[in-house]
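See below for the structure under consideration.
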Amino acid sequence: MSDVFDQAIDRVLSRKNREVYELLQRSGLYDNVATAIRGRKVRVRGKWLTDFASCNYLGLDLRPEVMEAIGPAVREWGTHPSWARMCCSPELYERLEAELAALLGTEDALVLPTISLIGIGLIPALTGKGAAIFADKVVHKVNHDGCRLARDMGATLTSFRHEDLSTLEAGLAAHAGATVRLVVVDGVLSTTGRLPELGRILEIARAHDAIVYVDDAHGFGVLGESPSPEHPYGRKGNGVIRHLGLTYDNVLYVSGLSKAYSSLAAFIGCPRKLKPFLKCNVTSYLVCRGLCPRPRWPRRWPGWSSTPARATRGAAPSTSTRAPSSTPTASGAFPRTTTRRSPSSAPTWGARRTWSAAGSCSSRRAST
Ligand SMILES: Cc1ncc(COP(=O)(O)O)c(C=O)c1O
């Protein structure tokens, strides 16, 4: 009797995937298991390595005050609400949604566990039979998967290159009779840190009554409104739409807390009237259990200085080389000093780097 799993692996892997699969088996560069962590160093197979692989751009993951704030919420609500959101949600989620909407400047927001679940839940929910989807070739895989799922449900799917928007324009014109036209793009591109020409994409989409799904996983918390020469990343970290001075007309702004905010949650910034529809139609809202309770973040974490921080050279994923001047909390408050990593000036062993009020970069021993 042949092994069904061997057969499946053998038959399902395409030539390209097989090369990647075999390379990964040999390389030892994936599936690392960290046995200890000290600041930005992790111990893997007995060696201390510097971590440039995580996305917690603001360095909030190891801040003692952040960790301590979780306890009271867990004591009040337990470790996890085992309802699907459709059934019941702790009021913390409602507050989080209101705070996110206020920070983003959207009418409303809907929280789900991850951006991946939004991608595969929201894109098919909005489209389906008779709809036309236009996806930037470089959108994240989860968004591609969402688009393919929608295609299986009857939508047409066309790719375009964000460097050549004439294909998008022509495609939208050709699908003028589609039930829904949806353009799917990433905000800050995860592999290059660059931005697509979002202003132009929105202009084209609006001219064709299309909705634009913007996945800003890497912009939220880093890019924000009112960029200036002094603060090139802008303020408040409220995302790429605000950073570029655009509006949310026709936009579904999708991002999450799993990158800059070092936490697990994702959200859709949306018009208020769409929210009831999403609650009834996005499978991941209907069936997935919710997030672990998170606290209401205080207006200001203890220990954060009250003097405005100055932008300093940093390494967050943006077109700019400078760090954001201030870091928003989910409640829209802006702590004045934040801890962040910089590959160009990697912290010394066991130390963490603090972007101080004076704009200088000082190191302190990690408290973990
Ligand atoms: C652009 C983009 N979208 C979505 C995701 C998935 O996010 P999540 O971990 O919240 O599912 C990622 C993760 O790296 C990403 O880079």
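Whatever order the structure lists them in is the order used to number ligands and atoms, beginning at 1. Computed from a predicted model, the values in this text were never measured in an experiment.
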Fill in: For E203, all residues meeting salt bridge (charged side-chain N to carboxylate O under 4.0 Å, His left out), sequence neighbours excluded
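With sequence neighbours excluded, E203 shows a salt bridge (charged side-chain N to carboxylate O under 4.0 Å, His left out) to R200, given in chain and number order.
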Worksheet item: Does K273 have any salt bridge (charged side-chain N to carboxylate O under 4.0 Å, His left out) partners at least two apart in sequence or in another chain, and if so, which?
Response: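 Once residues adjacent in sequence are excluded, K273 has no partner under the salt bridge (charged side-chain N to carboxylate O under 4.0 Å, His left out) criterion.
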Worksheet item: Testing T50, D51, D61 for side-chain hydrogen bond (donor to acceptor under 3.5 Å, both in side chains) with R40, which one passes?
Response: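 Only one option passes, and that is D61.
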Discussion item. As a test of reading the model: which residues have a non-hydrogen atom less than 4.0 Å away from ligand 1?
Written reply: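 Residues within 4.0 Å of ligand 1: T114, I115, S116, H140, V142, D186, S190, D215, A217, H218, S258, K259.
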Fill in: Nearest heavy-atom neighbours spanning A217 and S255
CA-OG, 3.6 Å
Discussion item. Looking at E91 and R95, is any side-chain nitrogen of the basic one under 4.0 Å from a carboxylate oxygen of the acidic one?
Written reply: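 Yes, this pair counts.
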Item to complete: Could you list all the salt bridge (charged side-chain N to carboxylate O under 4.0 Å, His left out) pairs where at least one residue sits in residues 240-267, not counting sequence neighbours?
Response: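 Checked against salt bridge (charged side-chain N to carboxylate O under 4.0 Å, His left out) - neighbours excluded - the pairs reaching residues 240-267 are E225-R242.
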